[in-house]
Amino acid sequence: MSHAEEIGTRAPAAPKAESNGATVIPAPLPPPRLDELSPQNLYDKCMALARNLWWSWHPEVTNMFRELDPIRWRQLDHNPIALLAEFTPERLEARAAELVLYSRINQAYRRLKEYMAAESTWSTVHAGVLGSKPVAYFSAEFGIHESVPIYSGGLGVLAGDHIKSASGLGIPLIAVGLFYDQGYFRQHLDIDGYQHEEYLPNRVESLPIEPALGADGEQLVVKIDTRTGALHAKVWKMAVGRVDLYLLDSDVEGNSPEDRELTSRLYGGDTRTRIRQELILGVGGVRAIRALGIVPGVYHLNEGHSAFATLEAVRGRMDRDGFSFDDAVRKIARQTVFTTHTPVPAGHDRFDSGLIEEHLGPMRDALGISHDHLMSLGRVEPHNHGETFCMTVLGLKLSRRANAVSALHGHVSRRMWAPLWPYRVEEEVPIGHITNGVHLPTWLSWQMLQLYDRIFPANWFRRMGEPDIWQKIHECDPGELWETHYALKNLLLQFVRRRLARQCRRRGECDEAVEMARSVLDPNVLTIGFARRFATYKRADLVLADLDRLHGLVTCPDRPIQIIFAGKAHPADEPGKALIRKIANLRNDPRFAGRVVFVEDYDMNVTRHLVQGVDVWLNNPRRPLEASGTSGEKVVLNGGLNCSILDGWWAEAFDGRNGFAIGRGETHANPEITDRRDGEALYKVLENEVIPLFYERDSDGLPRRWIRMMMNSISSLAWRFSAHRMVMDYARACYVPAAGGVSCDMHNR
Ligand SMILES: *Cc1c(COP(=O)(O)O)cnc(C)c1O
């Protein structure tokens, strides 16, 4: 079936009642005329599809691009613009004729047009107040697809999923970010397992971006004064379905050579680079959208990086409407939503007084406030001169609505920021929570989509946020669900072997090693996946705590396990790199060779393969430091089971029947004791629950009780932890009231 119907399509023409009472179904669109498809016409349609990232969550469009040239497709990081650049219109036509692609191209093109023109969406009914005053969503990174590498990890992928769902729901929203012309690094491990970083330039002509044009018809450039000279940034525009994403880029004539590099890399550089990036994102971002004629009804700051946006918005109100500083702050705060994403102190940017004066001096002149007053907006204790300027504090002070990203993270954040509200008890601290979710069409495998299509009602894609739909999974034939999962697991193992062989070849290893890599892992063995940033609190090596015990599990003759690892450490994080090395080098240990593997260069592509094919997804952070986590939610959609510490989203998701819990959520003031206990709890749950359940087979060879748990996981979690549900929550509890509509409390406060 076709999924153009993802929430919001052109309003179906109402069936006309004829005078005799008969109902006339409107005629289907006429079939495409073949003469529309000159080679150039065909090429243009493909290019139009490639230039809106809508294609990336439509498997039938992705498959079409892949079929044009499967090998180049892979080599080009699944980038359709780069792929099409290698075709002439004539060659494309020949290839399309060979593969009989005409009607698929035509149909995809037509569906994109219909999607873009939709008049009736969830939002027209539920968020009409936003009307022509869109939400302006700010984030330092956006993970939309692996071919657009302007993200590093979870925060970016969440932002990408957020704007995709906003597009699906038809919420008037534009997004603002930075254009990193080298993005985040590519990871390679050397023969010793040590991580090396490679930065590849993003070529503008291969990306789905175009200049955002100013009033003069030229690419818009914004200027931001500092005490040490002006910074300039040009503005790009990228289409993500119905959402326009504006990206600021400091590589502009007029900037010093160092400033031209400011936005080259994500999270590179020192605090001075950081504050300059954040000045461009926040202040430059608000200026850019104003210059484009966009008047936001709501500002949504995804994490503190963009919090300077509030100051520029305040300045704008004072300038345009003649408000005093205090009145403008009240107005802007009412319109601003702030989302905090981490309880880890180092995750909150802080700048010293000198950097603030250098970069926001001209701003505070315009606002008519003293340096001390400005500093107080970023301090917990306004007059504590020893305190640096914290972006999260600015975000909290200048927003009326603030939220954490899971229920547990809400508690932790209220405690963490309680000193900002000295006259309130902790429960009254005004930080609520909206738990993160994932964009289903992005993360759901094609195979599981087919299965859901067969057993769910025809319009399920439009109703994927409804629990009832997902109950139907219990009517699925257990054998069919298991076979589908088994096929996906095989695809994952093929992917891993191909990657490992490539890694060996790149390191110049012998043919024997390459051959070995081609035969690692066994599809009949319980397969555990662990992939995430190698931040130490995520404890990637917890399962390695007792190597003898792990050895026993991995080589158990009748009930073995195998583990696939992936993840990047921040370039400056030596302990994180040491952890990667420890895990990657297990391949040289005969006790683990071929059973514990490390896949390099974790990105959205690696994620997709892993979350679609693993039996079990392991997550063992040091509670409560994982604010939400989202990778486990991607696993749910595809039938994998979570085995996790009760932290982040899993603390509210686990019900005893839909996956596995490591421990019972206990913590200890001494992290070493916590780690030891959690390590023990991890082995216990593997040995006593996960492994026995997986290998318990009936006479048909099916693990019945395991399959039932897969069904419980899908039916209880898929709808709740979807980005559609998340964005609907933001719309109801934050966007609509911030835009002046009827207020609705953030649930579960
Ligand atoms: C989903 C995703 C993440 C987030 O994973 P966590 O569960 O938050 O660790 C990080 N990186 C990539 C590439 C992802 O796709």
Side-chain angles (χ1 to χ4, degrees), residues 56-57 77-78 139-162 164-165 183-187 266-267 302-303 339 341-344 347 404-406 408-409 435-445 529-540 542 564-570 576 579 599-614 616-638 640 642-651 653 659 717 721-723 726:
S56 69
W57 65 90
D77 278 325
H78 309 154
S139 180
E141 46 171 313
F142 285 90
I144 296 155
H145 186 258
E146 58 266 22
S147 62
V148 188
I150 55 169
Y151 66 95
S152 78
L155 181 73
V157 175
L158 177 85
D161 281 6
H162 189 106
K164 288 172 187 171
S165 279
Y184 203 51
F185 67 90
R186 298 291 183 92
Q187 175 195 54
L266 196 51
Y267 306 141
N302 187 45
E303 191 54 300
T339 303
H341 283 269
T342 179
V344 181
V405 291
S406 71
L408 179 60
H409 181 225
T435 304
N436 286 343
V438 295
H439 185 242
L440 181 139
T442 295
W443 299 109
L444 181 62
S445 61
F530 183 103
R532 42 188 54 85
R533 278 187 304 121
F534 269 60
T536 31
Y537 79 84
K538 298 194 182 230
R539 301 187 298 191
L542 193 69
I564 305 170
F565 282 98
K568 294 174 176 176
H570 186 277
L579 220 56
V599 178
E600 293 177 12
D601 205 30
Y602 181 46
D603 67 354
M604 290 179 74
N605 181 38
V606 174
T607 309
R608 210 166 40 239
H609 283 91
L610 284 170
V611 300
Q612 294 179 355
V614 293
V616 172
W617 192 246
L618 180 63
N619 185 27
N620 44 232
R622 200 175 282 144
R623 179 181 152 117
L625 297 183
E626 186 76 277
S628 167
T630 52
S631 51
E633 300 171 347
K634 303 168 191 168
V635 170
V636 165
L637 304 172
N638 293 291
N642 280 275
C643 176
S644 173
I645 295 277
L646 291 170
D647 195 11
W649 78 285
W650 193 238
L717 304 173
F721 298 98
S722 70
M726 168 179 77

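Treat the numbers as computed from the prediction; the structure is a model and nothing was measured. Both ligands and their constituent atoms are indexed starting at 1 by order of listing.
- Relative orientation of the Phe565 and Phe530 rings is tilted, given thresholds of 30° and 60° on the angle between their planes.
- For ligand 1, the atoms closer than 4.0 angstrom to any heavy atom of Val157 are 12 (C), 14 (C), 15 (O).
- Atoms of ligand 1 found under 4.0 Å from any heavy atom of Ser631 (numbered from 1 in listed order, with element): 5 (O), 6 (P), 7 (O).
- Taking distance alone, with nitrogen or oxygen atoms compared against 3.5 Å, Thr630 approaches ligand 1 more closely than that limit.
- No side-chain donor-acceptor contact under 3.5 Å links His162 and Asn436.
- For atom 13 (C) of ligand 1, the nearest protein heavy atom (residue, atom name, distance) is Thr607 OG1, 3.3 Å.
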Could you check Lys634 against Val157 for side chain to side chain contact (heavy atoms under 4.5 Å, CB included), going step by step and ending with a plain yes or no? CA-CA 12 Å; Lys634 303 168 191 168; Val157 175; 3.8 Å; yes
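- When hydrogens are left out, the protein atom nearest atom 10 (C) of ligand 1 is Gly154 N, 3.3 Å; that is the closest non-hydrogen contact.
- For ligand 1, the atoms lying closer than 4.0 Å to a non-hydrogen atom of Arg532 are 9 (O).
- When the heavy atoms of Glu633, Lys568, Lys634 are ranked by distance to atom 1 (C) of ligand 1, first place goes to Lys634.
- Side chain of Asn642 to backbone of Gly632: a donor-acceptor contact under 3.5 angstrom is found.
- Asn620 places a side-chain N or O within 3.5 Å of a backbone atom of Arg539 that can act as its donor or acceptor partner.
- Using a 4.5 Å cut-off on side-chain heavy atoms (C-beta onward), Val438 and Phe721 make no contact.
- Panel note: side chain Glu633, backbone Ser722; no donor-acceptor pair is recorded below 3.5 Å.
- Atoms of ligand 1 lying under 4.0 Å from any heavy atom of Gly629, numbered from 1 in the order shown and given with element: 7 (O), 8 (O).
- At least one N or O atom of Lys538 sits closer than 3.5 Å to an N or O atom of ligand 1.
- Residue-ligand proximity, Gly153 to ligand 1, at heavy-atom distances under 4.0 Å covers atoms 10 (C), 11 (N).
- Salt bridge annotation for Asp77-Arg186: present, with a cationic side-chain nitrogen under 4.0 angstrom from a carboxylate oxygen.
- Taking any N or O of Asp603, backbone or side chain, none lies under 3.5 Å from an N or O belonging to ligand 1.
- Checked options Tyr184, Tyr151, Tyr267; the residue passing with Glu141 is Tyr267 (criterion: side-chain hydrogen bond (donor to acceptor under 3.5 Å, both in side chains)).
- Residue contacts with ligand 1: Ser152 is placed with no nitrogen or oxygen under 3.5 Å of a nitrogen or oxygen of the ligand (distance criterion only).
- With hydrogens left out, the protein atom closest to atom 11 (N) of ligand 1 is Tyr602 CE2, 3.5 Å, a heavy atom.
- Each of the following atoms of ligand 1 lies closer than 4.0 Å to a heavy atom of Trp443: 15 (O).
- With a 4.0 Å cut-off on non-hydrogen atoms, Trp650 does not touch ligand 1 at all.
- Ring-plane geometry between Trp57 and His439 is classed as perpendicular, the angle between the planes exceeding 60 degrees on a 0 to 90 degree scale with a lower cut at 30.
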